[in-house]
Amino acid sequence: MSEAEATLALHLRANGIEAVREYRFAAEACGGAGRGLRGRLEEKGLRDWRSDFAILERRLLIEVEGGAWNGGRHTRGKGFAEDLLKYEAALRLGWTVYRCDPEMIRSGRAIETVLMFLGRKAA
């Protein structure tokens with residue numbers, strides 16, 4: 001877990017928000033992990049993607065986008081294109097995707113946005 005992800009996890013807990021880490025949203029859409037998952041994913045044109053955080057009851061996936069200033073995977077061609085496929089799949093499966101970066105987390109803006117989405121105020 002990156003420093004930014006750890007900080008966001010603290011912010012979520014401090015506000016009483018239950019979030020699942022490394023949530024396998026496509027696997028769950030295909031009947032969950034276990035025998036035959038690879039085939040079920042392939043049938044639906046999905047991959048075994050994970051989201052940094054998931055708030056299940058609101059179908060909100062939270063993605064922490066690191067590496068923007070140092071040429072990380074999310075900003076290079078192939079990684080960027082693969083992220084777009086992941087986010088598109090999540091939307092097609094009925095999820096809302098919130099993307100934030102480490103500075104948004106450090107400043108408190110990310111948790112404010114999540115709370116706004118949930119219709120709540122900061123603790």
Side-chain angles (χ1 to χ4, degrees):
M1 182 181 321
S2 71
E3 181 181 326
E5 290 168 344
T7 301
L8 183 56
L10 284 172
H11 291 178
L12 292 166
R13 276 196 306 278
N15 284 278
I17 299 168
E18 188 176 321
V20 177
R21 287 274 304 127
E22 296 294 319
Y23 184 68
R24 296 168 72 184
F25 67 91
E28 290 301 319
C30 293
R35 189 163 229 211
L37 174 60
R38 185 173 291 162
R40 293 191 313 270
L41 286 166
E42 193 174 304
E43 244 178 56
K44 294 188 184 250
L46 300 171
R47 297 183 197 158
D48 192 12
W49 289 294
R50 288 165 175 77
S51 175
D52 294 326
F53 297 91
I55 300 173
L56 302 180
E57 67 274 4
R58 292 300 301 273
R59 295 191 64 78
L60 174 65
L61 300 179
I62 303 171
E63 287 290 309
V64 178
E65 304 290 359
W69 300 102
N70 62 6
R73 185 190 95 59
H74 297 289
T75 61
R76 292 191 305 255
K78 184 176 184 207
F80 181 78
E82 288 176 0
D83 282 349
L84 291 177
L85 291 174
K86 173 182 172 178
Y87 304 145
E88 178 187 55
L91 289 167
R92 287 175 178 243
L93 292 170
W95 291 91
T96 297
V97 179
Y98 173 57
R99 299 172 62 201
C100 58
D101 72 1
E103 181 52 36
M104 294 167 77
I105 293 167
R106 279 190 291 277
S107 71
R109 186 174 179 89
I111 192 63
E112 288 174 3
T113 300
V114 170
L115 290 166
M116 185 180 71
F117 179 82
L118 299 175
R120 296 177 45 194
K121 293 186 182 197

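Quick note: numbers below take in every heavy atom, side chains included, and nothing from hydrogens, waters or symmetry partners. In this chain, residues are counted from 1 in sequence order.
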(Q) I need the Phe80 CZ to Leu85 CG distance, nearest 0.5 Å. (A) 11.0 Å
**Q.** Flag, side chain of Arg120 to backbone of Val114, donor-acceptor distance under 3.5 Å
**A.** no
**Q.** Between CD1 on residue Ile105 and NE2 on residue His11, distance to nearest 0.5 Å
**A.** 8.5 Å
Q) Counting only heavy atoms not in Arg58, do more than 12 sit closer than 6.0 Å to its CZ atom? A) yes
Q: Supply the atom-to-atom distance Asn15 CG to Ile111 CD1, rounded to the nearest 0.5 angstrom.
A: 5.0 Å
(Q) Tell me whether the count of non-hydrogen atoms from other residues, nucleotides or ligands lying under 6.0 Å of CD in Glu18 goes above 12. (A) no
Q) Taking C-beta and beyond as the side chain, do Thr113 and Met104 meet within less than 4.5 Å on heavy atoms? A) no
Q: Identify the two heavy atoms, one from Ala19 and one from Ile55, that lie closest to each other, and give their separation to 0.1 Å.
A: CB-CG1, 4.2 Å
Q. Which heavy-atom pair separates Ala26 from Leu93 by the least distance, and what is that distance?
A. CA-CD1, 4.2 Å
Q.
Atom CZ of residue position Arg59 - does it have more than 12 heavy atoms of other residues, nucleotides or ligands inside 6.0 Å?
A. yes
Q: Please collect all side-chain hydrogen bond (donor to acceptor under 3.5 Å, both in side chains) contacts where either partner lies in residues 26-46, sequence neighbours excluded, each pair once.
A: none
(Q) Tell me every residue that passes side chain to side chain donor-acceptor pair (under 3.5 Å) with Glu103, counting only those two or more places apart in sequence or in another chain. (A) Arg106
Q: Decide yes or no on side-chain contact (heavy atoms from CB on, under 4.5 Å) for Phe117 and Tyr98, but give the supporting numbers first.
A: CA-CA 10 Å; Phe117 179 82; Tyr98 173 57; over 6 Å; no
Q) Are side-chain heavy atoms of Leu56 and Trp95 found at a separation under 4.5 Å? A) yes
Q) Does the side chain of Leu46 come within less than 4.5 Å of Cys30's, by heavy atoms? A) yes
Q. Applying the 4.5 Å side-chain criterion to the ILVMFWY set and letting contacts propagate, would Leu118 and Phe53 be lumped into a single cluster?
A. yes
Q.
For the CD1 atom of Ile17 and the CG atom of Leu60, what is their distance to the nearest 0.5 Å?
A. 9.0 Å
Q | Where at least one partner belongs to residues 47-56, residue pairs that pass side-chain hydrogen bond (donor to acceptor under 3.5 Å, both in side chains), sequence neighbours excluded | A | Arg24-Asp48, Ser51-Glu63
Q: Considering non-hydrogen atoms only, spot the tightest contact between Val64 and Ala4 and give its length.
A: CG1-CB, 4.0 Å
Q: Specify the closest pair of heavy atoms between Gly32 and Leu37, including all atoms of both residues, with the distance to one decimal.
A: O-CD1, 3.7 Å
